[in-house]
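To start, the structure itself, in structure tokens.
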Amino acid sequence: MENIRTLHHTLSDRLTAYYVPAEADTLARYLLEEVTGKGYPQLILGEYKVSEIDRKQLDRMVERLLRHEPWQQVVGQVDFCGLRLSVTPDVLIPRPETEELCLLIRDRGLVAPGDRILDVGTGSGAIALALAHFCPTARVTALDISSAALEVAQKNARELGISNVTFVASDLRDYIPDTPPDLIVSNPPYVLESERSEMAPHVLEWEPAGALFVPDDDPQLYYRLVLERIAPSLRPGGSIVLELNHRTAAESEELYRQAGFDTELREDFRGLRRFLFAKKKTAQSGQRTN
């Protein structure tokens, strides 16, 4: 059986064939924690030894990483807003920016007991399940056109024991809410086709292109569909919160401002304009209520 410190260096060295050294070192730690079920300080301080069975599993995981498979898919799960979500090649891997979006929604008090929330393009269910977790009495509906993605999202809901989310297979173009939502949230496809050349193989080869890309000549495609198809059902004073491509964020905001919403762009933790908060004006005053 091998010493953790020695094995960490061995795995990290192998991973530098594709990853930069700092990232390879972090991935090696993640893999060791995943296989042993122990946190890294405990592993090091306790001089834990890796069995031959664990070593073979680690070797298989490293080979998958070197084939550009995302480490989240290699381990099959990702942590998101305190939840452990399963991920497959049928769904986008939830990003830190999307986690930040959910936390901003919570911290701004945009989810209240009994609220009706609509998550458009749910994928793994990350946003819907996080908001349902934050407010167990909220009633959340999660849409996706992909039946494979909905299977992943429903599996996550079952495994987490979250029951206040309803999953609906629907194209955004034909969905009409049966009751006015208080909050509409979406992280739609927003990466421009011309940005493909900037993206890593572990994204391009292993995540669904339909959940990532929009045509260069219509970057507002899904934001416009949310505005035209779903926003009319939003209750007066309700909010729409969207994750954005920072390169087209100003145009996204202008789209909703021109439609009569009070709008605010918010930067993410990297300082990029990533989130749009749009509030539907009330008929009486036209003023913000939050």
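Hydrogens, waters and symmetry mates play no part in the numbers below; they use all other heavy atoms, side chains included. Only a predicted model underlies this, so the values are computations on that prediction, with no experimental measurement involved.
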When you measure from the side chain of [X] to the backbone N and O of [Y], does any donor-acceptor pair fall under 3.5 Å?
X	Y	value
Lys280	Ile240	no
Asn164	Ala138	yes
Glu205	His202	no
Thr248	Leu244	no
Asp115	Ile117	no
Ser51	Asp54	yes
Thr36	Lys38	yes
Asp107	Leu104	no
Ser233	Ile230	yes

Looking only at heavy atoms, which two atoms of [X] and [Y] are closest? And how far apart?
X	Y	value
Val165	Ala142	CG1-CB, 4.1 Å
Cys135	Val111	CB-CG1, 3.4 Å
Met199	Val191	SD-CG1, 3.8 Å
Cys81	Glu99	N-OE2, 2.6 Å
Leu118	Pro181	CB-CB, 4.4 Å
Ala132	Val140	CB-CG2, 4.0 Å

What I want to check is whether the side chains of [X] and [Y] have a donor and an acceptor closer together than 3.5 Å.
X	Y	result
Glu243	Ser186	no
Thr122	Asp119	yes
Asn187	Glu97	no
Gln73	Thr88	no

Is [X] salt-bridged to [Y], cutoff N-O under 4.0 Å?
X	Y	result
Arg247	Glu198	yes
Asp182	Arg235	yes
Glu23	Arg29	no

Straight-line distance of [X] [atom1] to [Y] [atom2], nearest 0.5 Å:
X	Y	atom1	atom2	value
Leu234	Lys279	CG	NZ	8.5 Å
Glu195	Leu192	CD	CG	4.5 Å
Ile105	Leu110	CD1	CG	6.5 Å
Leu131	Leu103	CG	CG	9.5 Å

With the side chain counted from C-beta on, respond yes when [X] and [Y] share a heavy-atom pair under 4.5 Å apart, and no when they do not.
X	Y	answer
Val241	Leu276	no
Leu83	Asn156	no
Glu251	Gln220	yes
Leu85	Pro94	yes
Asp59	Arg55	yes
Ile93	Arg95	yes
Leu172	Val120	yes
Val203	Leu212	yes

Within 45 degrees of the axis of the six-membered ring of [Y] and under 6.0 Å from its centre: does [X] put its NZ or CZ there?
X	Y	answer
Arg108	Phe277	yes
Arg106	Phe134	yes
Arg196	Phe213	yes

Contact list for residues 64-115, test ring-ring contact (aromatic ring centres under 6.0 Å, His included), sequence neighbours left out =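 Residue pairs with at least one partner in residues 64-115: Tyr18-His68, Tyr30-Trp71.
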Quick one: salt bridge (charged side-chain N to carboxylate O under 4.0 Å, His left out) partners of Glu159, sequence neighbours excluded?
->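 Once residues adjacent in sequence are excluded, the partners of Glu159 under the salt bridge (charged side-chain N to carboxylate O under 4.0 Å, His left out) criterion are Lys155.
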How would you list, by chain and number, every residue that makes a salt bridge (charged side-chain N to carboxylate O under 4.0 Å, His left out) with Arg274, sequence neighbours excluded?
-> Asp268
Residues 253-261, side-chain donor-acceptor partners within the protein, below 3.5 Å, at least two apart:
unit_1: Glu253; atom_1: OE2; unit_2: Arg257; atom_2: NH2; d: 3.1
unit_1: Glu253; atom_1: OE2; unit_2: Thr263; atom_2: OG1; d: 3.1
unit_1: Glu254; atom_1: OE1; unit_2: Arg257; atom_2: NH1; d: 2.8
unit_1: Glu254; atom_1: OE2; unit_2: Gln258; atom_2: NE2; d: 2.5
unit_1: Tyr256; atom_1: OH; unit_2: Tyr223; atom_2: O; d: 2.7

For the pair Leu31 and Val75, evaluate side chain to side chain contact (heavy atoms under 4.5 Å, CB included) and give the outcome as yes or no after the intermediate values.
-> CA-CA 8 Å; Leu31 294 181; Val75 301; 4.2 Å; yes
Pairs satisfying side-chain hydrogen bond (donor to acceptor under 3.5 Å, both in side chains), at least one member in residues 130-149, at least two apart |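 Sorted result for residues 130-149: empty, none.
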Step by step, would you call Arg14 with Glu63 a side chain to side chain contact (heavy atoms under 4.5 Å, CB included)?
-> CA-CA 9 Å; Arg14 289 182 63 193; Glu63 288 302 319; 2.5 Å; yes
Dump the intermediate steps for side chain to side chain contact (heavy atoms under 4.5 Å, CB included) on Val152 and Val87, then the final yes or no.
-> CA-CA 7 Å; Val152 176; Val87 291; 5.8 Å; no
Arg224 and Asp218: side chain to side chain contact (heavy atoms under 4.5 Å, CB included), yes or no, with the steps?
-> CA-CA 10 Å; Arg224 190 175 64 253; Asp218 194 6; 2.9 Å; yes
Residues in side chain to side chain donor-acceptor pair (under 3.5 Å) with Asp25, at least two apart?
-> His8
